[in-house]
Amino acid sequence: MFLVDWFYGILESLGLWHKDARICFLGLDNAGKTTLLHMLRFGVRTSSLYLHQSLVFWVSSFVLSIFISIMFHLQSLKQSEPTQQPTSDDFSIGSVHFTAFDLGGHQTARRVWKDYYAQLDAVVYVIDAHDKERFAESRRELDSLLSEESLATVPFLILGNKIDLPYSASEEELRASLGLTNFTTGKGKVKMYHSNVRPMEVFMCSIARKMGYGEGFKWLAQYIE
Ligand SMILES: Nc1nc2c(ncn2[C@@H]2O[C@H](COP(=O)(O)OP(=O)(O)OP(=O)(O)O)[C@@H](O)[C@H]2O)c(=O)[nH]1
């Protein structure tokens, strides 16, 4: 029921139909990008527009579930493997079609980010809010993205992930650590259509617990034409 409410909440908030958008998920390795990509896909494939894809998906899932359960037994205590190669996927929220790229956060993957810059409508930058030792590294990567000329007007949704873990950074702590304290543009509906300022905001979330990122996407959707 929660998933259905969340799904229709996203639909209602968008108010955009037959528009295309390309969103890139970026961040250090282990931030939660792949998990987010999967969460969003599973949340939207129930749309009637994708009914046939759902059927294919569920039949495939049934066949694969046997294999996956065997693999799960073998790797039950192992964390998800880092993304080795850039991957992309498509998903939709209502009639808004998103192309999402999960490029991984490793040195080699970071070099590939630039290949996608020219095509983007939005960046979702994911940070592990529990891994404070890597805030400086994450800030360097974010600063580098923000200084890219080709991304100068691209909206940035910054997700502080893993707030379900104890001792995770607060929103204020994360903003300060990333040097964003006075640079975000405001939550809610902030009109910036005739401004040269890039929309940018921080939302704290737990992707694994399906908390917080929905609000972030609702915020982002208002800046996607
Ligand atoms: N506690 C907690 N763990 C999470 C959350 N989101 C993701 N994780 C875990 O964090 C680990 C890394 O998640 P991934 O989605 O693989 O991270 P990634 O950013 O895609 O990493 P790369 O593929 O290496 O670039 C996995 O073990 C996830 O289960 C969260 O909200 N809370």
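Because only heavy atoms are used, hydrogens play no part in the values below, and waters and symmetry mates are left out as well, while side chains stay in. Order of listing sets the numbers, starting from 1, for every ligand and every atom in it. FYI, the numbering just counts along the sequence from 1.
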Atoms of ligand 1 close to [X] [distance to a heavy atom under 4.0 angstrom, numbered from 1]:
{"X": "Leu28", "result": "19 (O)"}
{"X": "Leu165", "result": "1 (N)"}
{"X": "Ile207", "result": "31 (O)"}

Open item on the list: Assess whether a salt bridge exists between Asp29 and Arg134, defined as any Lys/Arg side-chain N lying under 4.0 Å from an Asp/Glu carboxylate O.
Closed with: yes

Open item on the list: Under a 4.0 Å threshold between the charged nitrogen and the carboxylate oxygen, would Lys187 count as salt-bridged to Glu215?
Closed with: no

- [ ] State, without any angle test, whether Tyr213 and Ser206 hold a side-chain donor-acceptor pair at a distance under 3.5 Å.
- [x] no

TODO: Check Ile127 against Ser138 and note the closest heavy-atom contact, atom names and distance.
DONE: CG1-OG, 3.5 Å

Open item on the list: I need the minimum non-hydrogen distance between Ile23 and Leu120, along with the two atoms involved.
Closed with: C-CD2, 4.2 Å

With a heavy-atom distance limit of 4.0 Å, tell me whether [X] approaches ligand 1 through its side chain, its backbone, both, or neither.
{"X": "Thr35", "answer": "both"}
{"X": "Asn30", "answer": "both"}
{"X": "Asn161", "answer": "side chain"}

Open item on the list: Would you say that Val197 contacts Thr185 through its side chain, given a criterion of any heavy-atom pair below 4.5 Å between the two side chains?
Closed with: yes

TODO: Decide yes or no for Asp164 and Met211: does some side-chain heavy atom of the first lie under 4.5 Å from some side-chain heavy atom of the second?
DONE: no

Open item on the list: Measuring from non-hydrogen atoms of Asp128 to any atom of ligand 1, is the shortest distance under 4.0 Å?
Closed with: no

Would you say [X] and ligand 1 have an N/O pair spaced under 3.5 Å apart?
{"X": "Thr34", "result": "yes"}
{"X": "Asp164", "result": "yes"}
{"X": "Gly32", "result": "yes"}

